[in-house]
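In what follows, a structure is listed as structure tokens, so that the remarks can point back to it.
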Amino acid sequence: MSKLDKEDFTEAVYEIVRMIPYGRATSYGAIAKAISYPNMSRMVGRVMGECDSVKSSIPAHRVVNSSGILSAKEAFGNSGEMQKLLEAEGVIVVNDRIKNWKSVFWNPMKEINL
DNA sequence: CCGATGACAAGCA
DNA sequence: ATGCTTGCCATCG
């Protein structure tokens, strides 16, 4: 599997976020590496910010940083709406951080490699 | 100290 | 000047 095109890269990000199961979450770096882009973790977040968050059918609220911290909660409205969405899915969020993060962490590269 | 991550910023057409 | 794509540096563990 070779590196994806720029357009495919963005598309791959959407697909990966869309294939995130209920009550699961991933990190930017994981997605970036999953699509063969080690250094482009930042762009993943940028694409998300432009993806219209939830109204594009992209569960961006399931995408957090590698620490399980809701770094993008501000992109949802500063009101902790992202946290509520995660908790509504069964994900326990404490202090803007996902509890049992290791348990809710979903590995995208495992799924695409499959 | 070293390695990995990051919801950005700068450059090109 | 705007839009889209690519990449380094600083911070955290």
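The analysis underlying the following values was restricted to heavy atoms, covering all of them including side chains, and did not include hydrogens, waters or symmetry mates. Lettering follows sequence order; numbering is per chain, from 1.
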Once rounded to the nearest 0.5 Å, what's the spacing between atom [atom1] of [X] and atom [atom2] of [Y]?
| X | Y | atom1 | atom2 | value |
| --- | --- | --- | --- | --- |
| A/Lys99 | A/Leu86 | NZ | CG | 15.0 Å |
| A/Arg24 | A/Asn107 | CZ | CG | 11.5 Å |
| A/Arg18 | A/Ile20 | CZ | CD1 | 11.5 Å |
| A/Met109 | A/Lys33 | CE | NZ | 6.5 Å |

Quiz item: For A/Lys33 and B/dA4, is the shortest distance between a side-chain N/O and OP1 or OP2 below 4.0 Å?
Solution: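 For B/dA4, neither OP1 nor OP2 has a side-chain N or O of A/Lys33 closer than 4.0 Å.
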Quiz item: Within less than 4.0 Å of OP1 or OP2 of C/dC12, is there a side-chain N or O belonging to A/Ser67?
Solution: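 For C/dC12, OP1/OP2 do not have a side-chain N/O of A/Ser67 under 4.0 Å.
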Quiz prompt | Of A/Ser66, A/Ser67, A/Ser41, the residue whose pairing with A/Ser27 passes side chain to side chain contact (heavy atoms under 4.5 Å, CB included) | solution =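 Of all the options given, the one that passes is A/Ser66.
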Quiz item: What does nucleotides 3-8 of chain C look like as a protein-contact string, B for base, S for sugar-phosphate only, - for none, at under 4.0 angstrom between heavy atoms?
Solution: --BBBB
[X] [atom1] to [N] [atom2], straight-line distance once rounded to whole Å:
| X | N | atom1 | atom2 | answer |
| --- | --- | --- | --- | --- |
| A/Tyr28 | B/dC8 | OH | C1' | 12 Å |
| A/Ile69 | C/dT11 | CD1 | P | 16 Å |
| A/Met48 | B/dC8 | CE | P | 13 Å |

Practice problem: List the steps, then state whether side chain to side chain contact (heavy atoms under 4.5 Å, CB included) holds for A/Thr10 with A/Met43. | Solution: CA-CA 9 Å; A/Thr10 313; A/Met43 185 192 163; 4.0 Å; yes
Quiz item: Counting any heavy atom closer than 4.0 Å, what does A/Val63 reach on the DNA or RNA strands: base, sugar-phosphate only, or nothing?
Solution: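 Base: the residue A/Val63, judged by heavy atoms under 4.0 Å, touches a nucleobase.
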